[in-house]
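Everything quoted here is computed from the prediction, not taken from an experiment. Below, read A as the first sequence line, B as the second, and so on, with proteins coming before strands; counting in each chain starts at 1.
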There are 2 protein chains.
Amino acid sequence: MEEHKPTVFVVDDDPAVRDSLRWLLASVDLDVETYASAPEFLDAYDPDKPGCVLVDVRMPGMSGLELQEELASRSTKLPVIIITGHSDVQMAVRAMKGGAFDFIEKPFNDQALLDLVQKALERNRETIEAQVEHEHIQRRFDLLSPRERQVLDLIVSGEPNKRIAFNLGLSEKTVEAHRARVMEKTEAGSLADLVKMVTLLQQHSS
Amino acid sequence: MEEHKPTVFVVDDDPAVRDSLRWLLASVDLDVETYASAPEFLDAYDPDKPGCVLVDVRMPGMSGLELQEELASRSTKLPVIIITGHSDVQMAVRAMKGGAFDFIEKPFNDQALLDLVQKALERNRETIEAQVEHEHIQRRFDLLSPRERQVLDLIVSGEPNKRIAFNLGLSEKTVEAHRARVMEKTEAGSLADLVKMVTLLQQHSS
DNA sequence: TGAGAAATAGGGGGAAACCCCCAAAAAGCT
DNA sequence: AGCTTTTTGGGGGTTTCCCCCTATTTCTCA
């Protein structure tokens with residue numbers, strides 16, 4: 001069972017900042033979890049939880065940037081808002097290039113931060129929605145046997161059964177059987193469906 | 001005929017900066033064009049020319065940010081490198097969100113800038129390559145008549161001719177004729193091909 | 001070692017798609 | 001008005017696909 005209520009994960013080594021952010025976010029009825037360091041958060045985080053991250057760039061040990069890059073490498077779709085105390089253009093650019101959702105300077109306007117968090121949560125909802133659809137399809141394609149995968153590739157590349165059979169050194173009948181099983185396992189209602197699902201999967205695999 | 005040699009478009013109101021950048025870029029055998037203001041560049045720029053833009057954020061009239069946003073709205077695929085004299089995180093974030101290729105602070109290391117320019121030009125090459133492929137396909141789909149487009153939509157959504165005919169109030173024979181013309185005009189070698197081309201076009205239309 | 005799945009292959013038949021031919025009404029464009 | 005394109009429809013045949021059934025060999029896993 002997945003959670004539906006999003007959580008704002010606050011990561012900052014300064015207890016005063018954590019408390020103040022917790023209070024601010026809770027004031028608009030948001031769930032908040034605070035962590036004193038990036039590794040502490042990474043340890044506790046369940047990848048299925050929706051939400052967004054609010055993290056300070058400058059922290060002892062792992063910086064906010066490194067946390068953001070670590071989350072990205074784990075293909076976590078959690079939007080990361082990075083907060084900085086001192087103007088550092090280099091860091092801002094690096095963070096944005098690394099896919100950070102935003103990069104804001106202290107002191108920030110409370111309402112502006114809340115708006116930003118809402119946008120991040122909205123983005124996260126959309127991402128998760130797409131992800132769920134993607135996983136449903138992937139799960140069905142995972143059911144395919146190696147041979148069925150080979151046949152699938154040739155089907156999607158537009159080959160007729162006759163040439164698929166020749167290509168794989170099989171009889172047309174066998175290809176027909178594989179093809180039928182591919183359509184059944186992937187729950188494709190038509191060839192067009194099948195091709196669309198495959199291209200969708202290819203998009204997010206690269 | 002398209003140009004193959006890329007050009008670096010330098011946009012800066014300071015003649016000394018223009019000259020120094022021109023000299024630097026020319027020293028590695030790059031073509032350079034300089035402009036004293038954003039509108040001046042926009043006026044002179046031919047959208048088919050490959051290259052990248054080097055622009056200062058702070059200029060009288062139109063800023064580097066505005067230039068970058070204007071280029072983006074024209075669906076110009078020219079990578080924009082924005083140069084700033086003073087640290088401004090807000091601007092850096094806005095630029096990166098707006099799709100700037102990079103945002104660097106003065107004074108910059110000459111070699112670092114040259115490397116950056118080369119990366120931007122490489123990105124531009126890739127973008128143009130994809131764009132050209134896309135346009136070739138688009139041009140073929142533009143040949144379709146309204147009726148053929150309707151039939152195409154239903155084909156791609158997986159409907160068999162029988163239901164397409166019923167759906168559009170036509171005989172199966174007519175649908176067959178339209179379908180054949182769709183395959184011919186789009187130069188699709190198979191249904192799989194057709195679906196792939198349509199999904200590719202849909203990707204870049206949204 | 002035995003059950004089940006995967007891979008192989010066939011028969012037969014029906015549905016769908018694809019291929020050529022044709023033709024005529026309707027709409028658009030000089 | 002005359003020409004072109006579009007849209008419409010058909011005849012007839014070939015190819016491909018899809019679905020029912022059976023059957024053997026191989027492989028894996030419990």
Side-chain angles (χ1 to χ4, degrees), chain A residues 134-202 205, chain B residues 134-202 205:
Chain A
H134 183 273
E135 277 164 10
H136 282 173
I137 297 176
Q138 185 63 59
R139 209 165 299 144
R140 299 204 295 271
F141 278 78
D142 287 344
L143 297 175
L144 297 178
S145 71
R147 209 40 154 177
E148 285 159 358
R149 250 174 269 268
Q150 289 182 306
V151 172
L152 170 65
D153 284 346
L154 293 165
I155 291 173
V156 171
S157 77
E159 302 288 339
N161 287 352
K162 184 176 283 190
R163 264 181 304 191
I164 296 175
F166 178 77
N167 202 312
L168 300 178
L170 300 174
S171 83
E172 267 187 81
K173 268 299 177 184
T174 305
V175 174
E176 264 181 51
H178 287 313
R179 184 179 191 130
R181 244 170 276 121
V182 166
M183 298 299 284
E184 189 190 0
K185 287 183 176 177
T186 62
E187 294 171 28
S190 63
L191 176 54
D193 260 25
L194 188 72
V195 174
K196 280 185 273 185
M197 289 193 281
V198 168
T199 52
L200 198 155
L201 290 183
Q202 282 172 341
S205 70
Chain B
H134 182 273
E135 277 164 10
H136 282 173
I137 297 177
Q138 185 64 58
R139 208 165 299 143
R140 300 203 296 271
F141 278 78
D142 287 344
L143 298 174
L144 297 179
S145 71
R147 208 43 154 176
E148 284 159 0
R149 250 174 269 267
Q150 289 182 305
V151 172
L152 169 64
D153 284 345
L154 292 166
I155 291 173
V156 171
S157 75
E159 302 289 337
N161 286 353
K162 185 175 283 190
R163 265 181 304 194
I164 296 175
F166 178 77
N167 202 313
L168 300 179
L170 300 172
S171 83
E172 270 187 76
K173 266 298 178 185
T174 305
V175 174
E176 256 183 64
H178 286 314
R179 185 178 190 132
R181 242 168 277 120
V182 166
M183 298 298 283
E184 190 190 1
K185 287 184 177 177
T186 63
E187 294 172 27
S190 62
L191 176 54
D193 260 25
L194 189 71
V195 173
K196 279 184 273 186
M197 288 193 280
V198 168
T199 51
L200 198 154
L201 290 184
Q202 282 172 343
S205 69

Rounded distance in Å - [atom1] ([X]) to [atom2] ([N]):
| X | N | atom1 | atom2 | answer |
| --- | --- | --- | --- | --- |
| A:Gln150 | C:dT8 | CD | C1' | 14 Å |
| A:Ile155 | D:dT16 | CD1 | P | 15 Å |
| B:Arg163 | C:dA16 | CZ | P | 9 Å |
| B:Leu170 | C:dA25 | CG | C1' | 14 Å |
| A:Met183 | D:dC17 | CE | C1' | 10 Å |
| A:Ile164 | D:dT15 | CD1 | P | 18 Å |
| B:Arg147 | D:dG9 | CZ | P | 9 Å |
| A:Leu154 | D:dC17 | CG | C1' | 16 Å |

Item checked: Sidechain N-carboxylate O distance under 4.0 Å for B:Glu176, B:Lys173 ->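 Salt bridge: yes.
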At under 4.0 Å, does any side-chain N or O of [X] touch on OP1 or OP2 of [N]?
| X | N | value |
| --- | --- | --- |
| A:Lys173 | D:dT16 | no |
| B:Arg181 | D:dT6 | no |
| A:Asn161 | D:dC17 | yes |
| A:Lys162 | D:dT16 | yes |
| A:Thr174 | C:dA9 | yes |

Next item on the list: Measure the NZ-NE2 distance between B:Lys185 and B:His178 for me, rounded to the nearest 0.5 Å.
Entry: 10.0 Å
Do [X] and [Y] make a side-chain contact, defined as non-hydrogen atoms from C-beta onward lying under 4.5 Å apart?
| X | Y | value |
| --- | --- | --- |
| A:Val195 | B:Leu194 | no |
| B:Phe166 | B:Val175 | no |
| B:Arg179 | B:Leu191 | yes |

Scan [X] against the nucleic acid and name what it touches under 4.0 Å (heavy atoms): base, sugar-phosphate only, or nothing.
| X | value |
| --- | --- |
| B:Leu191 | nothing |
| A:Glu172 | nothing |
| B:Arg179 | sugar-phosphate |
| B:Ser171 | sugar-phosphate |

Checklist line | Closest-nucleotide 5' rank along DNA chain C - winner of B:Ser190 and A:Lys185 | finding: A:Lys185
Next item on the list: Check the pair B:Leu170 / B:Arg147 against side chain to side chain contact (heavy atoms under 4.5 Å, CB included), numbers first and verdict last.
Entry: CA-CA 11 Å; B:Leu170 300 172; B:Arg147 208 43 154 176; 3.4 Å; yes
Next item on the list: Identify which nucleotide among C:dT8, D:dT7, C:dA16 has an atom closest to any side-chain atom of A:His178, counting heavy atoms from C-beta outward.
Entry: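 For the A:His178 side chain, the nearest candidate turns out to be C:dT8.
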Next item on the list: Would you state whether a donor and an acceptor, one from the side chain of A:Glu184 and one from the base of D:dC19, lie under 3.5 Å apart?
Entry: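 A donor-acceptor contact between them is absent.
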Check: Would you say the base of D:dC17 and the side-chain of A:Glu176 have a donor-acceptor pair closer than 3.5 Å?
Finding: no
